[in-house]
Each structure stands twice: as C-alpha cells, then as structure tokens.
**Q** 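This is the structure I have questions about; it appears just below.
Here the structure is a predicted model, which is why all the values come from computation and not from measurement. We number each residue from 1, following the sequence as shown.
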Amino acid sequence: DISDDYGIKQVDFYLAGNYLGRDYASPFQFTFVADHEPGDVILSAVVTDKGGNQVNVQRTITVVKDEEAPVVSWSSPVNGSAFIEGQTVNYVFSASDNTALRKVELIINGELINTHAGSGSGSWSIPDDYAAGGKTETLTLLAEDIAGNTASADLIVQIDEDQAPE
C-alpha cells in the first residue's frame, strides 16, 4: 500500500530488472507469468508521484518450477463418431493449465493440422478419396504449457468412403 501527499502518477513493475508493465490507478498491481528460472528473484515496483519523485520498493519472491501438466479434453465430436470423406469435422475442446498455456495442437496421423492458443474450436476438412474402403482415425490434441509440460487427449472417429449415387 502506498500513498503520496501530491498523488501517485504511476507504478512500473520489474522482475529481476526486466520491465513487466505499468499501472496508473490504485490499487497498483500487475499480473504476470513468472517464467523465470526457479529460485529467489527480486520483484521491484518503481513508484512515481505527480511531482516526478520516485521510490523503488523491492521484495524477494521465490519462483518454483511448474511440473503440473495442462488439462485438455474433447467436447465434440464424441468418440466413435462417423464422417464421410469430403466432409468437414467441426471440433470443440477445452484446455487449461495451472500457470499458462503456450499452445494446443490438433495432430492427425502425426501431421500437425491446426494450432490454437488455448481452449477453442476448429475444423478439419477430410480430403476426397481419403478413406478408400473406410478407416478409423485418431485425432490427438496436444496441449503444452509455458514450462514445457504436455498432455494429450485422443478421439477416435470413423471415416467412411463416399459412395456413388444410386
């Protein structure tokens, strides 16, 4: 908590000397992800009053290693759904992490199809002549957090061959 007889203009925040951001209004705060190496590190707040005077307030914080994997799951389609080649598969999923997600990838047959920043949705257009005779396909969501921890969720779908009109 900080006050000044003339008023606070701004507070600049630093982690280990690296600028994080600025706040202009009370309560002065800044949210950040501490992607610093584990250990003790100095968190600084440089307070500037409306007259241009400054004070540097420092605290030592301990950064711990994130070893918790993200959580990722399919919302739709459901496991075992069937599609016909040439169709578009619309998908919805959720992903979360105890710190922050870096990315969520949709992978099919080892091929990266799409990349998302977090929970979301997307679509995959099944190529024509993809499933001669029909086949099952595993769609994999691979979530990665900013510490490099990963988790995956698989969904198996049936892709049938497009039949000629009768």
**Q** Would you give the length of the straight line joining atom CG of D97 to atom CG of D66, rounded to the nearest 0.5 angstrom?
**A**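 One gets 5.5 Å once the value is rounded to the nearest 0.5 Å.
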**Q** Is V157 linked to I113 within one hydrophobic cluster, defined over Ile, Leu, Val, Met, Phe, Trp and Tyr using a side-chain heavy-atom separation of less than 4.5 Å?
**A**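 The answer is yes; both residues are in one hydrophobic cluster.
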**Q** Looking at every heavy atom in both G51 and Y6, which two are closest together, and how far apart are they?
**A**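 The pair with the smallest heavy-atom distance is N-CD2, 3.2 Å.
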**Q** Answer whether the closest heavy-atom distance between the side chains of L106 and L139 falls below 4.5 Å.
**A**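 When only atoms from C-beta onward are counted, L139 and L106 do touch, with a gap below 4.5 Å.
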**Q** Determine whether L20 and Y14 make a side-chain contact, defined as any pair of heavy atoms from C-beta on separated by less than 4.5 Å.
**A**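 Not touching, per the 4.5 Å side-chain cut-off.
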**Q** Do V64 and P38 have side-chain heavy atoms sitting under 4.5 Å apart?
**A**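 A side-chain contact under 4.5 Å is absent here.
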**Q** How about V41 and T60: do any of their side-chain heavy atoms sit closer than 4.5 Å?
**A**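 No; the side chains remain at least 4.5 Å from each other.
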**Q** Do the charged groups of R22 and D12 touch, with an N to O distance under 4.0 Å?
**A**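 Yes, this pair counts.
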**Q** Can you measure from CD (Q87) to CG (N90) and round to the nearest 0.5 angstrom?
**A**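 The CG atom of N90 is 10.0 Å from CD of Q87, to the nearest 0.5 Å.
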**Q** To the nearest 0.5 Å, how far apart are CD in E144 and OG1 in T115?
**A**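 Reported value, rounded in 0.5 Å steps: 10.5 Å.
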**Q** Hey, mind stepping through Q158 and T136 against side-chain hydrogen bond (donor to acceptor under 3.5 Å, both in side chains) and telling me if it holds?
**A** CA-CA 4 Å; Q158 174 68 33; T136 57; 5.3 Å; no
**Q** Would you name the heavy atoms of K50 and I8 that are closest together and state the gap between them?
**A**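 Heavy-atom minimum between the residues: CE-O, 3.9 Å.
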**Q** Please report the closest heavy-atom contact between I108 and E137, naming both atoms and the distance.
**A**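 Taking I108 first and E137 second, the nearest heavy atoms are CG2-CG, 3.6 Å.
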**Q** Shortest non-hydrogen contact from F28 to Y24?
**A**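 Looking at all heavy atoms of both residues, the closest pair is CE2-C, 3.5 Å.
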**Q** For the hydrophobic clusters of this structure (ILVMFWY residues joined by side-chain heavy atoms under 4.5 Å, transitively), does one cluster hold both V47 and I61?
**A**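 Same hydrophobic cluster.
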**Q** For residues A69 and A151, report the shortest heavy-atom separation together with the two atoms involved.
**A**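 Of all heavy-atom pairs spanning A69 and A151, the closest is CB-CB, 4.4 Å.
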**Q** Would you please say whether a donor-acceptor pair under 3.5 Å links the side chains of S73 and S94?
**A**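 Yes, side-chain donor-acceptor contact under 3.5 Å.
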**Q** Compare every heavy atom of N114 with every heavy atom of S123, then report the nearest pair and how far apart it is.
**A**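 Scanning both residues, the minimum pair turns out to be O-ND2, 4.4 Å.
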**Q** Scan V55, N56, V11 and name whichever one has a side chain to side chain contact (heavy atoms under 4.5 Å, CB included) with V46.
**A**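 When V55, N56, V11 are each tested with V46, the side chain to side chain contact (heavy atoms under 4.5 Å, CB included) holds only for N56.
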**Q** Does some side-chain heavy atom of L142 sit less than 4.5 Å from a side-chain heavy atom of T150?
**A**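 The answer is yes, as the side chains (C-beta and beyond) meet within the 4.5 Å cut-off.
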**Q** Quick one: pull up CG in L15 and CD1 in I42 and give me the separation to the nearest 0.5 Å.
**A**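 It comes to 9.5 Å.
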**Q** Look at the side-chain heavy atoms of Ile, Leu, Val, Met, Phe, Trp and Tyr, link any pair under 4.5 Å apart, and say whether W74 and V72 land in one connected group.
**A**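 Yes: a chain of side-chain contacts under 4.5 Å links W74 to V72.
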**Q** Is Y91 close to S75 at the side-chain level, that is, under 4.5 Å between some pair of heavy atoms?
**A**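 Counting from C-beta outward, S75 and Y91 never come under 4.5 Å.
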**Q** Check whether any side-chain N or O of E85 sits under 3.5 Å from a backbone N or O of D162 as a donor-acceptor pair, and report yes or no.
**A**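 Side chain of E85 to backbone of D162: a pair is present.
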**Q** Look at the side-chain heavy atoms of Ile, Leu, Val, Met, Phe, Trp and Tyr, link any pair under 4.5 Å apart, and say whether F93 and F83 land in one connected group.
**A**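 As far as the 4.5 Å side-chain criterion goes, F83 and F93 are connected within one cluster.
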**Q** Are W124 and V104 grouped together when hydrophobic residues (ILVMFWY) are joined by side-chain heavy atoms under 4.5 angstrom apart?
**A**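 Yes, because W124 and V104 connect within a single hydrophobic cluster, where side-chain heavy atoms sit under 4.5 Å apart.
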**Q** Can you tell if the side chain of I84 reaches within under 4.5 Å of the side chain of I159, non-hydrogen atoms only?
**A**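 They are not in contact (no side-chain heavy atoms under 4.5 Å apart), so the answer is no.
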**Q** Just wondering, do V89 and P77 contact through their side chains at under 4.5 Å, heavy atoms?
**A**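 With C-beta onward as the side chain, the pair touches.
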**Q** Roughly how far, to the nearest 0.5 Å, is CG of D145 from OG1 of T99?
**A**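 Nearest 0.5 Å value for the OG1-CG distance: 4.5 Å.
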**Q** Where do D23 and Q29 land on the side-chain contact (heavy atoms from CB on, under 4.5 Å) test, with the steps shown first?
**A** CA-CA 6 Å; D23 194 1; Q29 58 190 1; 4.1 Å; yes
**Q** Would you check, one step at a time, whether the test side-chain contact (heavy atoms from CB on, under 4.5 Å) holds for K9 with D49?
**A** CA-CA 5 Å; K9 176 183 175 185; D49 71 8; 5.9 Å; no
**Q** Are a donor atom and an acceptor atom from the side chains of T138 and D154 found within less than 3.5 Å of each other?
**A**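 Judged by distance alone, the side chains do not pair up.
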**Q** Rounded at 0.5 Å granularity, tell me how far CG in N53 sits from CG in D5.
**A**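 N53 CG to D5 CG: 8.5 Å, rounded to 0.5 Å.
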